[in-house]
Visitor: 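Pasting in a structure now, in structure tokens, and then I'll have a few things to ask.
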Amino acid sequence: MKFGTKAIHAGVSPDSSTGAIMTPIFQTSTYVQKSPGDHLGYEYSRTHNPTRTALQNSLAALENGKHGLCFSSGLGAIDAVVKLFNPGDEIISTSDLYGGTYRLFTKVFERYGIKFHFVSMADPATLEPYVNANTKMVWVETPTNPMMNIIDLKAMAAFSKKHGLLLAVDNTFASPYLQNPLDLGADIVMHSVTKYLGGHSDVVMGALVVEDDELHSKLAFLQNACGATPGPQDCFLVLRGIKTLHLRMERHCQNGKTIAAYLRMHPKVEKVYWPGFEDHPNHDVATAQMRDFGGMISFTLKGNRLADAKKVMESFQLFALAESLGGVESLCGHPASMTHASIPREEREKVGLVDSLIRLSVGVEDAEDLKNDLARALANI
């Protein structure tokens, strides 16, 4: 099936008991058994729930994987991945990544003896000095949050396989519509389902998709044992959101291109970070591994004044100032004080995350209205 057809049909089927075309919300905590251990495949809803099963199957199909696992948040999904490892193990991570991931790695798992190296991944060769007998995984975001850096997944997969490492990819910014890391050699794909997959800013969830049976078994054990699982109502909402993922992403991409071009020509804007520009670093890689360039954009203001950035964001009427991204409505955020505040300033600025940087999640509204909103806000500085 092509992607648009998969988004609507893959992993789901009419309810066998009623013929309902939408997967029912199985709002139950437990399931009756005929005899101890004699049941219909479901015992307790932390372990399995039919609504969640349908969603996990759908996500696996969208990522061209075999197994999907859903969690109560994106960080819950990442937590399960890191719990695959033991004290003394080491993980190489991109240096430009979501602040919550950085916080989980450094403030939680480093306390338990897992070591993390944060490095630029523009060239896989730069990772070589960090590989030793304890290295177990490479963690990648692409495009990165919020600097929109592009990492070559085929090259990173070749590097990981050369050294016998797992490759995990946070695919949140791209979504399965734009990019499928498993097809490029990754072992694990992670999503903050909260974002584009849900698409309507009404649910918090995370997911992992894998191909390997043994890896799935280990992660499923952690999913059940640690208990960070989503409820059936949330799973239903994401199943509904996925049915329009391809339509929403087409519009996000169209509007993203329009807004990026507008910002680049604005006299008060210093830099615009969007992988669709031909002079964007690794644009050729983005062209090869992505189907389009998405609706996530970051930009900085001339003079790099925090007060100016605040004034712009306070002046928006359509771009809502809020955490998160990937919803139908346009959002703006200030990474230095919001999503990436947990990263020390000197570390942030090494990758270009300065005080005036504003991150936009361009929604599916009319592009002209969004341009006018930007014009009004920028006129106030």
Side-chain angles (χ1 to χ4, degrees), residues 69 71 73-147 149 151-153 155-172 181 185-192 206 208 210 212 214-219 221-223 225-226 228 335 339-353:
L69 293 164
F71 297 80
S73 70
L75 283 168
I78 300 170
D79 178 82
V81 173
V82 184
K83 283 175 179 171
L84 292 169
F85 308 109
N86 300 309
D89 288 344
E90 299 187 13
I91 294 170
I92 305 171
S93 169
T94 179
S95 57
D96 170 26
L97 80 167
Y98 168 52
T101 307
Y102 180 89
R103 181 179 60 230
L104 180 66
F105 288 173
T106 59
K107 302 300 183 183
V108 178
F109 283 106
E110 280 191 348
R111 293 171 51 222
Y112 296 99
I114 297 177
K115 186 174 182 179
F116 297 86
H117 302 280
F118 299 96
V119 302
S120 170
M121 294 188 176
D123 180 357
T126 60
L127 277 63
E128 288 284 354
Y130 299 94
V131 178
N132 58 57
N134 297 323
T135 311
K136 295 296 188 293
M137 184 176 74
V138 176
W139 181 269
V140 172
E141 283 182 16
T142 183
T144 61
N145 179 5
M147 302 309 300
N149 289 314
I151 296 170
D152 188 332
L153 291 179
M156 205 56 64
F159 173 87
S160 299
K161 285 177 174 54
K162 171 186 171 184
H163 293 286
L165 311 175
L166 286 175
L167 174 61
V169 178
D170 182 340
N171 202 30
T172 299
D187 300 292
I188 302 172
V189 177
M190 194 287 294
H191 283 281
S192 175
L208 302 173
V210 301
D212 183 77
E214 183 180 358
L215 183 55
H216 167 254
S217 180
K218 291 177 179 179
L219 289 167
F221 170 82
L222 290 165
Q223 179 196 43
C226 298
T339 55
H340 292 65
S342 60
I343 300 177
R345 181 172 184 170
E346 61 272 16
E347 294 299 318
R348 285 191 279 108
E349 292 189 345
K350 282 180 185 178
V351 299
L353 205 171

Visitor: Would you name the heavy atoms of Ile151 and Met156 that are closest together and state the gap between them?
Guide: CG2-CE, 3.7 Å

Visitor: Between the side chain of His163 and the main-chain N/O of Asn132, is any donor-acceptor distance below 3.5 Å?
Guide: no

Visitor: Looking only at non-hydrogen atoms, find the nearest pair between Ala80 and Leu219 and report the distance.
Guide: O-CD2, 3.9 Å

Visitor: How close do Gly206 and Ala77 get, heavy atom to heavy atom, and via which atoms?
Guide: C-CB, 4.3 Å

Visitor: Taking only residues two or more places apart in sequence or in another chain, which ones pass side chain to side chain donor-acceptor pair (under 3.5 Å) with Lys115?
Guide: none

Visitor: Please collect all salt bridge (charged side-chain N to carboxylate O under 4.0 Å, His left out) contacts where either partner lies in residues 83-97, sequence neighbours excluded, each pair once.
Guide: Asp79-Lys83, Asp89-Lys136

Visitor: Could you grab the distance from atom OG1 of Thr135 to atom OH of Tyr130, nearest 0.5 Å is fine?
Guide: 11.5 Å

Visitor: Kindly check if the number of other-residue, nucleotide or ligand heavy atoms within 6.0 Å of CD (Glu346) is above 12?
Guide: yes

Visitor: In chain order, what residues pass the salt bridge (charged side-chain N to carboxylate O under 4.0 Å, His left out) check against Glu110, with sequence neighbours excluded?
Guide: none

Visitor: For Leu167 versus Ser160, what's the shortest heavy-atom pair and its separation?
Guide: CB-OG, 3.7 Å

Visitor: Not counting sequence neighbours, which residues clear side chain to side chain donor-acceptor pair (under 3.5 Å) with Arg345? List them please.
Guide: Glu349, Asp355

Visitor: Quick one: list whatever passes side chain to side chain donor-acceptor pair (under 3.5 Å) with Thr172, sequence neighbours left out.
Guide: Asp170

Visitor: Please tell me if the side chains of Leu84 and Leu222 come closer than 4.5 Å, counting only heavy atoms from C-beta onward.
Guide: yes

Visitor: Any chance you could measure Leu104, atom CG, to Leu75, atom CG, to the nearest 0.5 Å?
Guide: 6.0 Å

Visitor: Taking ring pair (Phe, Tyr, Trp, His ring centres under 6.0 Å) as the test, write out the residues that go with Phe118, two or more places apart.
Guide: Tyr102

Visitor: Do you know the tightest heavy-atom contact between Leu353 and Pro335?
Guide: CD2-CB, 3.9 Å

Visitor: Can you measure from CD1 (Ile343) to NZ (Lys350) and round to the nearest 0.5 angstrom?
Guide: 12.0 Å

Visitor: For a 4.5 angstrom cut-off between non-hydrogen side-chain atoms, does Met121 reach Val140?
Guide: yes

Visitor: Whether the side chain of His216 engages the backbone of Leu69 through a donor-acceptor N/O pair (distance < 3.5 Å, no angle test) should be reported.
Guide: no

Visitor: Looking at residues at least two apart in the chain, or sitting in another chain, which of them share a ring pair (Phe, Tyr, Trp, His ring centres under 6.0 Å) with Phe221?
Guide: none

Visitor: Which distance, rounded to the nearest 0.5 Å, do you find between the CD1 of Ile188 and the CE of Met137?
Guide: 6.5 Å

Visitor: Can you tell me how far the CG atom of Asn171 sits from the CG atom of Leu208, to the nearest 0.5 Å?
Guide: 12.0 Å

Visitor: For the backbone of Gly76 and the side chain of Ser73, can you confirm whether one donor and one acceptor N or O come within less than 3.5 Å of each other?
Guide: yes

Visitor: With sequence neighbours left out, what residues match Ala155 under side chain to side chain contact (heavy atoms under 4.5 Å, CB included)?
Guide: Pro124, Asp152

Visitor: Can you tell me how far the CH2 atom of Trp139 sits from the CG atom of Leu97, to the nearest 0.5 Å?
Guide: 9.0 Å

Visitor: For Ser217, enumerate each residue passing the side chain to side chain contact (heavy atoms under 4.5 Å, CB included) test, keeping only those at least two apart in sequence or located in another chain.
Guide: none

Visitor: Would you check if the side chain of Thr144 reaches a backbone N or O of Asn149 as a donor-acceptor pair within less than 3.5 Å?
Guide: yes

Visitor: Taking only residues at least two apart or on different chains, which pairs with a member in residues 120-133 satisfy salt bridge (charged side-chain N to carboxylate O under 4.0 Å, His left out)?
Guide: Glu128-Lys162

Visitor: Closest heavy-atom contact between Gly74 and Met190?
Guide: O-SD, 3.9 Å

Visitor: For Lys218, which residues count as a side chain to side chain donor-acceptor pair (under 3.5 Å) partner, sequence neighbours excluded?
Guide: none

Visitor: Under the ring pair (Phe, Tyr, Trp, His ring centres under 6.0 Å) test, which residues partner Phe116, sequence neighbours left out?
Guide: Phe105

Visitor: Go through Ile91 and Phe109 one step at a time and tell me if the side chain to side chain contact (heavy atoms under 4.5 Å, CB included) criterion holds.
Guide: CA-CA 11 Å; Ile91 294 170; Phe109 283 106; over 6 Å; no

